[in-house]
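In what follows, a structure is listed as C-alpha cells, so that the remarks can point back to it.
Lettering of chains follows the sequences in order, A, B, ..., and the numbering in each one begins at 1. The structure displayed is predicted, hence computed values, not measured ones.
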Amino acid sequence: MSPDTESMSVCGCDPASLRELRAQRLLHREAELLDAWQFEEWLELMTEDLRYWAPVRTNRMWRERSRSISMPGESAHFDESLDQLRERVDRLATHMAWAEEPPSRTRHLVTNIRVEPTADPAEILCRSNFLVYRTRSERDMDQVVGTREDILREVGPGEFKIARRTVIFDMATILVKNLSLFY
Amino acid sequence: MSPDTESMSVCGCDPASLRELRAQRLLHREAELLDAWQFEEWLELMTEDLRYWAPVRTNRMWRERSRSISMPGESAHFDESLDQLRERVDRLATHMAWAEEPPSRTRHLVTNIRVEPTADPAEILCRSNFLVYRTRSERDMDQVVGTREDILREVGPGEFKIARRTVIFDMATILVKNLSLFY
Amino acid sequence: MSPDTESMSVCGCDPASLRELRAQRLLHREAELLDAWQFEEWLELMTEDLRYWAPVRTNRMWRERSRSISMPGESAHFDESLDQLRERVDRLATHMAWAEEPPSRTRHLVTNIRVEPTADPAEILCRSNFLVYRTRSERDMDQVVGTREDILREVGPGEFKIARRTVIFDMATILVKNLSLFY
Amino acid sequence: MNVDIDGLFDFDAGMVCAEIFVDEDVYKLELERVFGRSWVFLAHDSMIPRAGDFLQTYIGEDPIVVARQKDGSVRAFLNQCIHRGMRICRADEGNARSFMCSFHGWTYDTAGNLTGVPHEKTVYRPNTFDKSTRGPRKVTRVESYKGFHFGTWAEDAPSLLEYLGDMAWYFDAYIDRYSGGLEAIANHRWIIPANWKLKAEQFASDALHAEISHASAIQVMTPKGTETAETNHAVRAVNATGHQFASPYGHGTGWFDVPGSLHPDPVVANWENEQRENVASRLGALRADTARGHATIFPNFHFLLNGTFRVVHPRGPNEMEIWAWTMVPAEAPEPVKENYARSLTRTFSPSGMFEQDDAENWAEIQRILRGKVARGVRLSYEMVHDPLPSGASEFPGYVVPANYSDVAALGLYRHYADLMSSHTWAEAVEMKLQREAAK
Amino acid sequence: MNVDIDGLFDFDAGMVCAEIFVDEDVYKLELERVFGRSWVFLAHDSMIPRAGDFLQTYIGEDPIVVARQKDGSVRAFLNQCIHRGMRICRADEGNARSFMCSFHGWTYDTAGNLTGVPHEKTVYRPNTFDKSTRGPRKVTRVESYKGFHFGTWAEDAPSLLEYLGDMAWYFDAYIDRYSGGLEAIANHRWIIPANWKLKAEQFASDALHAEISHASAIQVMTPKGTETAETNHAVRAVNATGHQFASPYGHGTGWFDVPGSLHPDPVVANWENEQRENVASRLGALRADTARGHATIFPNFHFLLNGTFRVVHPRGPNEMEIWAWTMVPAEAPEPVKENYARSLTRTFSPSGMFEQDDAENWAEIQRILRGKVARGVRLSYEMVHDPLPSGASEFPGYVVPANYSDVAALGLYRHYADLMSSHTWAEAVEMKLQREAAK
Amino acid sequence: MNVDIDGLFDFDAGMVCAEIFVDEDVYKLELERVFGRSWVFLAHDSMIPRAGDFLQTYIGEDPIVVARQKDGSVRAFLNQCIHRGMRICRADEGNARSFMCSFHGWTYDTAGNLTGVPHEKTVYRPNTFDKSTRGPRKVTRVESYKGFHFGTWAEDAPSLLEYLGDMAWYFDAYIDRYSGGLEAIANHRWIIPANWKLKAEQFASDALHAEISHASAIQVMTPKGTETAETNHAVRAVNATGHQFASPYGHGTGWFDVPGSLHPDPVVANWENEQRENVASRLGALRADTARGHATIFPNFHFLLNGTFRVVHPRGPNEMEIWAWTMVPAEAPEPVKENYARSLTRTFSPSGMFEQDDAENWAEIQRILRGKVARGVRLSYEMVHDPLPSGASEFPGYVVPANYSDVAALGLYRHYADLMSSHTWAEAVEMKLQREAAK
Ligand code: FES
Ligand code: FES
Ligand code: FES
Ligand SMILES: [Fe+3]
Ligand SMILES: [Fe+3]
Ligand SMILES: [Fe+3]
C-alpha cells in the first residue's frame with residue numbers, strides 16, 4: 001500500500017463506517033507487512049505504550065469457565081511491550097534465528113473485523129478473527145487460529161495505531177512446534 | 001458490540017452499500033455470540049418463523065449433479081424451527097451435553113459476504129462463506145467449511161434478523177465426529 | 001448475484017471506498033462462480049489480454065530470498081492467456097477430466113482485500129488473500145492458501161474486469177495431489 | 001501376526017481386554033476373519049430400486065459396487081479394476097448402464113463383467129487373455145432377507161437365513177411391521193475416531209448408557225410437565241422391564257416392555273399407535289407391543305426402533321465410518337415420513353442430540369488406549385442374567401429378562417472370538433456345538 | 001517385538017545409534033520398561049493446593065488423575081473407567097468432590113475409589129460384583145520429595161529417595177533454595193514432532209548447543225555495551241568452567257561455575273543476588289553460587305535455573321508433548337514473580353526466543369530419521385571427561401569438571417539401556433553393580 | 001520383516017500382486033535393497049553450474065546434499081550431522097562456501113568434510129576424536145553420464161555405464177540430441193498419495209493409458225479441424241506403430257514410430273523440425289525420427305520427450321513426492337525455451353491438464369488397497385510381445401514391436417524382484433545370468 005493510499009480520504013458519511021473502514025485498512029496493511037517480513041515497518045504501526053498480550057486457554061468444566069482463559073500475570077504466550085517486541089524483531093533480523101532461517105512463508109487471513117467506540121474518543125476497540133497459515137522448509141505446514149481484541153488510537157487526523165493487542169489462541173495445547181512469528 | 005454500536009447510523013449513501021454493511025455487522029455479531037457461547041442472545045437474532053436447514057451432499061457424476069445436494073424433505077444435517085434450535089441451546093445449557101462439556105473452543109471465520117435484494121422489500125438475501133475452527137479437550141482440532149444463504153428481514157428501522165438460513169457443508173462424508181454447535 | 005445487483009450504485013462518497021467496494025464485489029462474485037462450477041461465466045470476468053500467472057516458491061536462506069519466488073519465464077504453476085484458461089475450462093466441460101469427474105466441491109474464502117490506484121487511471125491494483133478448501137470423492141479434503149495480486153480494469157462505468165492475476169501459493173512443495181481448479 | 005484371542009476374553013468372569021479395540025494385529029485379523037467371512041449388509045431394495053441403480057459400499061475396507069440388474073436381481077463386486085487396480089465406479093451412487101475405468105478404459109456391465117478392453121484384439125494374446133476371467137472379484141455370495149441384501153466372501157458360510165437364525169424374528173419386528181415394508185429416505189455419513197466394535201456392542205446390548213450419556217437430550221426433549229407422566233416415553237422406557245436376546249452368531253437386541261409408540265414425535269407416535277392392530281395381525285401382539293429397541297446384526301449392521309439403520313465401516317482400529325439411513329414405513333403418509341426423518345436428523349445424525357454424546361464417549365475411550373497400561377485393562381461386562389427357561393415366553397432364542405444387561409454384548413464377543421480363532425466356518429460352528437454340548 | 005538394545009549403544013566409544021529415536025518397537029518397549037517402571041513426575045503441591053484440587057497428567061501415554069485428598073495427601077489413578085474404558089475426568093484441572101463417568105454414570109471419589117454404580121443392586125450380582133475391586137488402576141506407588149509428587153507402576157522400584165540418590169542434592173539447589181519453596185504460577189503446553197529423548201538428553205547434558213542454537217537470542221538479549229563485560233550473564237557463563245553430574249539412575253545436570261544470579265531480567269537478578277546469604281545458609285556456599293544450570297530427572301522431568309520445570313510426555317516415537325511450568329520462589333515479591341514469568345514467556349515458552357530454535361533443531365533431526373541410512377548412523381557422544389577424584393570437591397556423586405560434556409547424556413542412556421534390557425528392577429540394579437565391580 | 005518376494009510375482013503369467021504397492025514390510029525392504037543399492041539420480045550439471053552451488057535431494061527417504069566443488073567435480077553426502085543428527089543444510093538450493101550445523105555449530109565444506117568443531121581442542125580428546133572421520137556419510141559412489149549425476153550407497157554396484165547398458169542409447173535420444181545439451185529451467189514439486197512404483201511402471205511402459213486417462217486434455221488440445229489430419233500429433237501417435245525396450249536392470253522406454261516433432265506447441269514443433277538434420281547427424285536417423293516417448297531409469301528417474309525429467313522420492317508405501325524439472329535444449333532460442341516451459345506447466349505440472357488425471361488414478365488405486373481382498377488381487381500385465389529377433393533393427397537390447405505393451409513394466413519388476421531377493425549385487429546379477437542361460 002503506497003503512502004498515497006494511506007492519505008486517501010475514506011467514506012465520510014458516518015463515524016461508524018468510517019471507523020470500520022479505517023480499522024480494516026490498518027489490519028490489512030499490518031497483515032501484508034507481516035507476511036512480507038517487513039517487521040520494522042510493522043513496529044511503526046504500534047504506539048510507544050503498546051501492550052501485546054496473549055493469554056493461555058485451558059480445558060475446564062463449564063462451571064470453572066472463568067478460569068479457562070488466563071488472567072494478566074498468569075500464563076501467557078506473549079506479554080510484550082513495544083521494546084520487547086522490537087527485541088523479537090531484531091532477533092529475526094540476525095538471520096541466526098534458526099526457527100525462521102530459512103524463513104517461513106506465512107499468510108494472515110483476517111476476518112470478522114468489528115469496531116466499536118470506547119470511552120476515550122481517541123480510541124476505538126477493534127476485534128478480528130484470524131487464521132495464520134504457515135509453510136516452511138520443504139513440507140511443513142501448520143495453522144494457528146484465534147481472535148484479537150485491539151485498542152486502536154487515533155494519533156493524527158485519520159491515522160490510527162495499535163495501542164493494545166490481546167491475542168486469543170484457541171488451542172489449549174499449542175499444536176504447532178513454536179509461535180515464532182506475530183499474530 | 002454494544003447497543004450503542006447497533007444504533008449508529010451506517011453509510012447512507014446508497015442502498016446496496018447500506019445493506020452490505022448491515023448484513024456484515026449482523027453476521028459478525030452472530031459469530032461473536034456463537035464463539036462466546038452466548039446462545040440465548042444468538043437466538044434473539046432470529047425471527048420467530050426461522051427455518052434453519054442444512055442439506056447433505058453426495059459424490060455424484062456430473063450428469064447427476066442435480067442430485068448431489070439433497071432437497072428439502074430429503075437428507076439433512078439440520079432441519080430446525082426456532083423452537084427446535086432453542087431445544088439444542090437448552091441442551092447445551094444443561095452442561096450434561098457431554099459432547100460440549102467441557103465446552104469446545106470455536107472460532108467462526110466469516111468471509112465473502114454478498115447481499116442482494118429480494119422480491120420482498122423487507123428481506124434481503126445474504127450469502128457468506130465460513131470456516132469454523134474447533135478445538136476441544138486437550139488436543140482435538142477440526143474444521144468445518146461451507147457456505148450459507150440467509151434471508152435477512154428488516155424487523156425495525158435498520159434492524160435485521162435472520163429469517164431463513166441454509167447451510168451447505170462441503171463435505172460429503174462429515175469428517176468430524178459431530179456437528180455439536182451452530183454454523 | 002443478479003444483474004440487478006451489479007448495476008446498483010455503490011457508495012459514491014470517495015474514490016477509495018468506491019474502489020474497495022467494487023473490487024470486493026467482483027472478487028466475491030468470482031468466488032461464487034468458481035464454487036458453482038460456472039466457469040464460462042467466470043471467464044467473462046476477465047479481459048481479453050488477461051495474464052494469469054502463478055510463480056513457484058522455494059525454500060531459500062534469507063540472503064538468497066530474492067530467488068525464493070520464481071520470476072516470469074522461470075518455474076510457474078500457471079502461466080496462461082485467456083485462451084489458454086478457456087482451454088482448461090473446456091477440458092472440465094468434457095466431463096472426462098477425471099481429476100474433476102465426479103466434480104470436487106470447493107469453497108473460496110477470500111480475505112484481506114486491499115486496493116490501490118495505479119499509474120493508469122482505468123486500472124486499480126487489488127490484493128487479496130485466499131484459502132481454497134476442496135473436498136472430493138468420499139473423503140478427500142485439502143486446502144490451498146495464498147495471496148493474489150490483480151490488476152482490475154474499468155471496462156465500462158463502474159464495471160471492472162480482471163486484466164492480470166498473480167497467484168502466490170505459499171507452499172514450496174505442493175502438498176495437494178493437483179491444482180485442478182482455479183484460484 | 002500373532003494374536004492370542006483366548007487371552008483377550010474371560011467369558012465366565014465377564015471380562016474383555018481393552019486391547020481388542022486398539023491392537024493393529026487384532027485389526028488385521030478382523031479384516032480377514034470377521035469381515036472376510038461374515039454376512040455384511042450391502043443395500044436395501046429401496047436404495048437401488050430401478051435397473052441400473054448402483055451404490056458404492058464396503059465390506060470392511062474393501063470397496064464394493066452393488067447394482068440392480070435388468071432382471072431385478074442385485075449383484076455386488078469388488079470396486080477394483082483387475083487390470084491395474086483402479087476404482088471402477090467413482091460415484092457414491094447413481095444410475096448407469098455400464099462403468100468405464102478411467103485409467104485404460106476397460107468397461108464393465110453393472111454386474112461387474114468385463115465387457116470391453118480397448119485394442120483388445122491387437123494388444124492381447126487371444127489364447128491366454130480371456131475377458132470372462134478378468135473382471136473384478138465378485139462378492140462370493142449375495143443373499144437377501146425381505147429386501148435387505150447381504151454379501152460374504154466366504155464360500156463356506158451358513159446361508160443368510162441360517163446365519164440370522166432367531167434374529168430374523170426380531171429383525172422382522174423392525175422391518176416387516178407394515179405391509180409396504182420400509183424405504184430409505186435419508187442418509188448421513190460421518191466418521192468417529194473410535195473402534196467399530198464400540199458401536200457394535202452398544203447397539204446389541206447397551207441400553208444402560210442412555211440415561212447418563214443422553215441425560216441432556218432426554219431432559220430437553222421431555223415435554224414440560226410430563227417428567228413423571230406416562231405420556232413421557234423416556235420415563236416409560238426406564239421404568240419398564242425389558243429383555244435382551246443374544247444370538248450364537250453374534251447378533252443381539254434389547255428392548256423395554258412398553259406397549260405403544262415410544263417415538264418422541266407426536267405425529268409419528270400417533271400414526272404408529274394407529275397401526276397397532278395392523279401390526280399385531282402381521283406379527284402378533286408380542287412384536288406389536290414390544291421386542292423393539294436397539295439391535296446389531298453381526299458384525300456391523302445396526303438399527304433402532306426410531307428407524308435409523310446403519311452400517312459401520314471399520315477404518316483401521318482407531319476409526320469407524322458410519323453410514324446411517326433413515327428408513328420409514330413406505331405406506332406412511334408424507335407428513336409422518338417427514339417427521340420420522342426430521343426427528344432422526346435432530347437426534348441420531350452427526351448433529352443429533354443423542355448421537356453427539358456417543359461420539360464423544362467413544363472418541364475418549366479410544367484415545368486413552370494409546371496408553372500401555374490402559375490397553376491392558378480388563379473391562380467389565382458383568383451385568384449377566386440367566387436366560388428365560390425354554391418355553392417361558394414366546395421370544396425365540398437365548399433371552400434374558402432384562403435390558404440393562406451385558407448378555408448380548410458377551411454373545412457378540414463370543415462369536416467374534418470363535419471367528420477370530422478359526423480358519424473355517426466349520427471350525428467356528430464346531431466350537432459353538434462343543435460349548436453347547438459341554439453345558 | 002525384537003529389540004537388540006546392546007547393539008544400539010557403544011558406551012566406551014561414546015556412540016548412540018539414531019535408531020533409538022525413531023524405531024516403533026523401541027518405542028513400544030519404552031512404554032513398558034521405561035515409563036512403566038520409572039518414577040514419573042505427577043504434580044507439585046502448589047498445583048493442587050486445596051482438598052478436591054485435581055489435574056490430569058500422563059505416565060507415558062497413560063492418562064492419570066492426580067488429586068489432593070481431604071487429609072492433605074495426594075492420590076493418583078489411571079483416568080480410565082474400568083467399566084467400558086471411558087475417560088473419567090475430562091478437564092485439564094479444577095476442583096471436584098467426585099467424578100462421574102459420562103458413559104454410564106459410575107462415580108468415583110477423588111482418590112479413584114468407585115463409589116456409585118447406577119442400578120447396582122438390580123443389575124449386578126452382589127456375590128460377584130464388588131465395587132471396591134472395580135475402580136480404575138491406582139498408580140502403584142506415589143511418593144513425594146519436598147512437594148514434588150512422583151508415581152510409578154513398578155512394585156519393585158527403589159524408593160523415590162533412593163532413586164533420586166545424589167540427584168536430590170542437586171535438585172535441592174533448584175527447589176529448596178528459599179524457605180517458602182517454589183510455586184507454579186504459569187503453564188505452557190505444546191507439541192514438537194521429535195522424540196522425547198532429544199529433550200531428556202539436552203536438559204541433562206547439553207549446554208554446548210546454546211551458543212550456536214541460541215546465538216540470535218543471546219545476541220539481542222545482551223544489553224548493548226556489555227558484550228564483553230562481566231555484567232553480561234551469557235558471556236560470564238561461557239567463559240566460566242563448569243561441571244556435570246551423572247547419576248546411575250539416569251539423572252543428570254550441568255552448570256557453569258559462575259557466582260551471582262545469571263537471570264537475564266535485572267529485577268529478578270537483583271532479588272536473587274539479595275538472597276545469596278539466605279541461600280548460602282540453607283544450602284551452603286557451593287549451591288548458593290553454583291550447581292545450577294540444566295537438569296533431567298530420568299526419564300522426563302526437566303528444569304533450568306530460570307524456573308522452568310517441565311514434564312515431557314512421549315507421543316509415539318516421533319512426537320513429544322511438553323508441559324512447562326513457571327515455578328517461582330513463593331516468598332518473592334509480586335513484581336519479581338511477574339518478571340520471572342514474563343521472562344520465561346519470552347525465552348522458554350512456545351513463543352520463547354530460545355525455545356523456538358530448539359524445536360526447529362529437534363524437528364529436523366526427527367524428520368531425517370525417515371531415512372534408512374540416517375537411522376542407522378552412530379551419533380557422537382564423545383565429549384567425555386574423567387570424574388573428579390573422590391573427595392576432590394563437595395559435589396556428590398559422579399561429577400566431571402566440565403559442562404561442555406556428554407557425560408550426563410551417556411549416564412542417562414546407560415540407565416536407559418539397563419531398563420530396556422531388564423525385566424525387573426533387581427535385574428537392572430544388578431547390571432549396575434556388576435559394572436561397578438568390574439571397574 | 002518377512003517378505004515372500006517370489007509369491008508376489010508371476011512373470012510367466014504377467015501377474016503382479018497389488019500387495020507390493022501397499023505392504024509396510026515390502027516398503028522397508030525397498031528402502032534397503034532398492035534405494036539402498038541402485039543408482040539414483042542426484043542432479044544435472046545445469047542445476048549446480050558454479051562452484052559452491054548446492055541442492056538438497058534424497059536417495060529414497062535419506063536426505064542428500066549435492067554440491068559443485070571448486071575443481072568442478074560434484075560431491076554428495078548424507079545431509080545429517082553425525083554429531084547429534086541435525087540436518088546440516090536446510091535450504092532447497094543455493095550457493096555456499098560452507099555449511100554450519102545450527103545445533104552445535106560443526107562446520108562442513110561443500111564436499112561434506114568436517115572442517116570445524118567449536119571448542120574442539122578443549123572438549124574432545126585429541127587421541128580419539130579425529131575430525132576427518134566424523135563427517136556425514138558420503139554417498140559411496142557418484143558417477144555421471146553426460147551431465148547427469150547419479151549416486152549409490154552400494155560398493156558393489158556395477159558402474160553407472162554398465163548399469164545403464166543399452167538404456168544409454170535411448171537416454172541419448174533425449175539428452176544428447178543437441179550440441180549444447182540440456183539445461184533445467186523450471187522445477188515443480190508436489191506429492192501424490194500413491195506408491196512410487198505406479199509412477200515408475202507408467203513411465204517405463206504405459207502409453208496405453210493416455211487415450212483414456214487423458215481423453216479430455218487430448219480433446220481440447222487438438223486444434224479444431226485437425227482431429228484426423230496428419231498435423232495432429234495425438235492422432236499421429238496413436239495411429240502409428242511403436243516399440244518398447246526393457247532393460248535387465250529395470251529400465252524401460254517406449255515410443256511411437258512417428259517422424260517429426262510431436263510437441264503440441266507450434267513454436268517448439270517448428271524448431272524441433274528444423275533441427276532434424278542436426279540431430280540425425282549427431283544420433284543417426286533412427287533416433288532423429290523415433291525412439292523418444294516415455295522412459296524410466298530404474299528405480300525413480302523418469303522423462304518424456306516433451307522435456308519433463310523427474311525424480312520420484314518414495315514417502316512411505318502410500319505417498320510419492322515428485323520433483324519435475326523442465327529441461328530444454330541449451331542452444332534453443334529464448335522463445336522456444338519459454339514455450340517448452342509454458343507447455344509443460346500447462347500439461348505436466350501439478351496444474352497440468354495431463355498430470356492431474358494421473359494423480360487422480362494413482363490416488364484411487366492406492367486408497368482401494370486399504371482393502372484386505374483388494375491388496376491380494378493379482379493385477380494384469382498381460383500385454384506381452386516377442387522381442388525383435390537379433391539384428392532385425394538398429395534398436396539395441398530387448399525390444400518389442402509395440403508400445404502398447406507391458407514388457408517394459410515386467411522388465412522393471414523382474415529387476416526389482418532380483419534386488420528384493422538378493423543381498424549383494426553379485427547375487428542379483430547371477431540370477432539374471434541363470435535366467436538368461438535357462439532360455
Ligand atoms: S486399471 Fe482399469 S483399465 Fe487399466
Ligand atoms: S464406561 Fe464409565 S460408567 Fe460405563
Ligand atoms: S548436531 Fe550438528 S553440531 Fe551438533
Ligand atoms: Fe447412545
Ligand atoms: Fe536450547
Ligand atoms: Fe499420464
Side-chain angles (χ1 to χ4, degrees), chain D residues 2 12-22 24 194-195 197-198 201-202 205-216 238 241-242 357-358 360-386 400 402-406 409, chain E residues 1 24 27-37 56 58-64 77-90 100-107 114 117-120 122-125 128-131 133-140 153 313-316 319:
Chain D
N2 219 325
D12 293 331
M15 296 285 184
V16 173
C17 182
E19 196 73 72
I20 64 163
F21 298 116
V22 66
E24 287 283 347
N195 189 271
K197 294 188 293 297
L198 292 171
E201 67 163 72
Q202 183 168 107
S205 190
D206 188 354
L208 179 65
H209 80 284
E211 66 185 45
I212 300 295
S213 289
H214 304 305
S216 63
V238 165
T241 63
D357 297 325
D358 289 321
E360 180 75 6
N361 285 335
W362 294 330
E364 288 292 318
I365 289 171
Q366 197 70 29
R367 185 189 328 254
I368 284 178
L369 296 178
R370 292 181 62 103
K372 175 77 184 161
V373 176
R375 63 172 63 189
V377 161
R378 303 182 88 74
L379 301 169
S380 161
Y381 293 69
E382 298 171 276
M383 290 197 301
V384 286
H385 301 84
D386 290 324
V400 298
N403 194 17
Y404 287 173
S405 180
D406 290 329
Chain E
M1 194 148 58
E24 287 282 348
Y27 181 72
K28 281 184 194 154
L29 203 61
E30 286 175 356
L31 288 189
E32 180 183 324
R33 298 199 176 163
V34 175
F35 290 95
R37 296 199 287 158
Q56 268 201 77
Y58 291 86
I59 295 181
E61 300 234 34
D62 281 302
I64 305 291
F77 57 90
L78 187 65
N79 192 5
Q80 181 194 40
C81 184
I82 213 172
H83 179 225
R84 294 296 164 83
M86 181 59 192
R87 189 189 287 260
I88 295 167
C89 162
R90 296 158 68 230
M100 186 187 74
C101 179
S102 64
F103 200 172
H104 308 87
W106 288 21
T107 51
L114 178 58
V117 171
H119 311 289
E120 178 186 359
T122 51
V123 301
Y124 286 103
R125 299 189 164 165
T128 58
F129 187 84
D130 173 4
K131 276 209 298 291
T133 63
R134 293 297 184 275
R137 287 266 320 249
K138 307 280 168 65
V139 174
T140 314
W153 296 113
H313 304 302
R315 296 287 179 257
E319 190 181 293

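Side-chain atoms of E:Arg84 come within 3.5 Å of backbone N or O of D:Ser380 as a donor-acceptor pair.
With a threshold of 4.5 angstrom between heavy atoms, E:Arg137 approaches chain D through side-chain atoms but not through N, CA, C or O. Using a 4.5 Å cut-off between heavy atoms, D:Ala374 touches chain E through backbone and side chain atoms alike. For D:Phe21, no part lies near chain E; criterion is any non-hydrogen pair under 4.5 Å. Of the atoms belonging to D:Asp206, it is side-chain heavy atoms, and not backbone ones, that fall under 4.5 Å from chain E. D:Val16 does not touch chain E: none of its heavy atoms, backbone or side chain, sits under 4.5 Å away. Interface residue D:Leu369: only side-chain heavy atoms are found under 4.5 Å from chain E. Residue contact with chain D, scored on non-hydrogen atoms closer than 4.5 Å, involves the side chain of E:Arg134 exclusively. Heavy-atom distances place no part of D:His214 under 4.5 Å from chain E, backbone and side chain included. For chain D, the nearby part of E:Leu78 is the side chain; its heavy atoms alone come within less than 4.5 Å. Residue D:Glu201 touches chain E through its side chain alone, counting heavy-atom pairs closer than 4.5 Å. Heavy atoms closer than 4.5 Å to chain E are found in the backbone of D:Arg378, but not in its side chain.
In this structure, CD on D:Glu24 lies 9.0 Å from CD on E:Glu24, to the nearest 0.5 angstrom. Taking CD of E:Glu30 as the start and NZ of D:Lys372 as the end, the distance is 12.5 Å to the nearest 0.5 Å. Rounded to the nearest 0.5 Å, atoms NE2 (E:His83) and CD1 (D:Ile365) are 10.0 Å apart. Expressed to the nearest 0.5 Å, how far NE2 of E:His104 lies from CG of D:Leu208 amounts to 5.5 Å.
Interface check for chain D: of the options E:Met100, E:Arg315, E:Arg90, E:Glu61, the most heavy-atom pairs under 4.5 Å are formed by E:Glu61. Of the listed residues (D:Glu364, D:His385, D:Arg367, D:Met383), the greatest number of heavy-atom pairs within a distance under 4.5 Å of chain E belongs to D:Met383.
Nearest heavy atom pair, residue D:Arg370 against residue E:Gly316, reads NH2-N, 3.6 Å. Here the closest heavy-atom approach between residue D:Ile368 and residue E:Gly85 is recorded as CD1-O, 3.9 Å.
Side-chain contact between D:Glu360 and E:Ser102 is absent, with no heavy atoms from C-beta onward closer than 4.5 Å.
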Please determine whether side-chain contact (heavy atoms from CB on, under 4.5 Å) holds for the pair D:Tyr404 and E:His119, giving the CA-CA distance in whole Å, both sets of side-chain angles, and the decisive distance to 0.1 Å. CA-CA 9 Å; D:Tyr404 287 173; E:His119 311 289; 3.6 Å; yes
Check step by step if side-chain contact (heavy atoms from CB on, under 4.5 Å) holds for D:Val377 and E:Ile82. CA-CA 7 Å; D:Val377 161; E:Ile82 213 172; 3.6 Å; yes
